[in-house]
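Note: hydrogens, waters and symmetry copies are ignored here, and every other heavy atom, side chains too, is used.
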Amino acid sequence: MTRFLSVLIFMAICLISCVSTKVSSKNNYDYSVLNESTNYIVETKTGEKIRHFQFNSQNDDLIIGKQGEKEIQIKKITIDNIKRPSTGKTIGLVAGLIALGAVGGTIPAAVSNN
């Protein structure tokens, strides 16, 4: 039971961490990499996280998008980074972990039966 709980916690950590940073100080806050109608996670310099932010457009001072049905305008000077969830990586990682758990669970059982 302890092993199952450990694997479950590890999978949860991996699911949370499957994101790629698109905008940050490392790319000199280049907002041209953002794609319209794509969901991002915006983190501000105050630590606030705006999840499910659907990017629509930008101007010199703002990025404009939606969160649900609500339109949001965020000042660029308040943004620390913008990340994009990587669903493809998450699916591959989860499938790999499930396969590893299945193989890891059957090998000790087979050895103990001999």
Determine the minimum heavy-atom distance between [X] and [Y], stating which atoms define it.
X   : Y   : result
R51 : Q67 : O-NE2, 2.7 Å
I50 : I74 : CD1-CD1, 3.6 Å
P85 : N39 : CD-O, 3.7 Å

(message) Show, in sequence, the C-alpha distance, side-chain angles and deciding distance for T46 and T78, and conclude whether the side-chain contact (heavy atoms from CB on, under 4.5 Å) test is met.
(response) CA-CA 8 Å; T46 61; T78 65; over 6 Å; no

Gap separating the [atom1] atom of [X] from the [atom2] atom of [Y], nearest 0.5 angstrom:
X   : Y   : atom1 : atom2 : value
E71 : K66 : CD    : NZ    : 7.5 Å
I82 : S24 : CD1   : OG    : 9.5 Å
I63 : K76 : CD1   : NZ    : 8.0 Å
I79 : S25 : CD1   : OG    : 13.0 Å
Q58 : L34 : CD    : CG    : 7.0 Å
D80 : E48 : CG    : CD    : 12.5 Å

(request) Using atom types as modelled and distance alone, determine if a side-chain donor or acceptor of N81 lies under 3.5 Å from a backbone N or O of V42. (result)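 No, the answer is negative, given that no donor and acceptor are paired below the 3.5 Å cut-off.
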
(request) Kindly say whether D30 contributes a backbone atom to a donor-acceptor pair with the side chain of N28 at under 3.5 angstrom? (result)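 Pair absent, no side-chain N/O of N28 close to backbone of D30.
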
(message) Does the plane of the ring in F53 sit parallel, tilted or perpendicular to the ring in F55? Use 30° and 60° as the thresholds.
(response)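 Rings of F53 and F55: tilted, 30 to 60°.
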
(message) Given T38, which partner from the list Q54, K22, R84 fulfils the side-chain contact (heavy atoms from CB on, under 4.5 Å) test?
(response)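 Exactly one option meets the side-chain contact (heavy atoms from CB on, under 4.5 Å) with T38, and it is R84.
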
Taking the side chain as every heavy atom from C-beta outward, state whether [X] and [Y] have any atom pair closer than 4.5 Å.
X   : Y   : result
E36 : N56 : no
V33 : Y31 : no
Q73 : I64 : yes
Y29 : I77 : no

(request) Inspect the surroundings of NZ in K45 and state if more than 12 heavy atoms from other residues, nucleotides or ligands are less than 6.0 Å away. (result)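 Above 12, so yes.
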
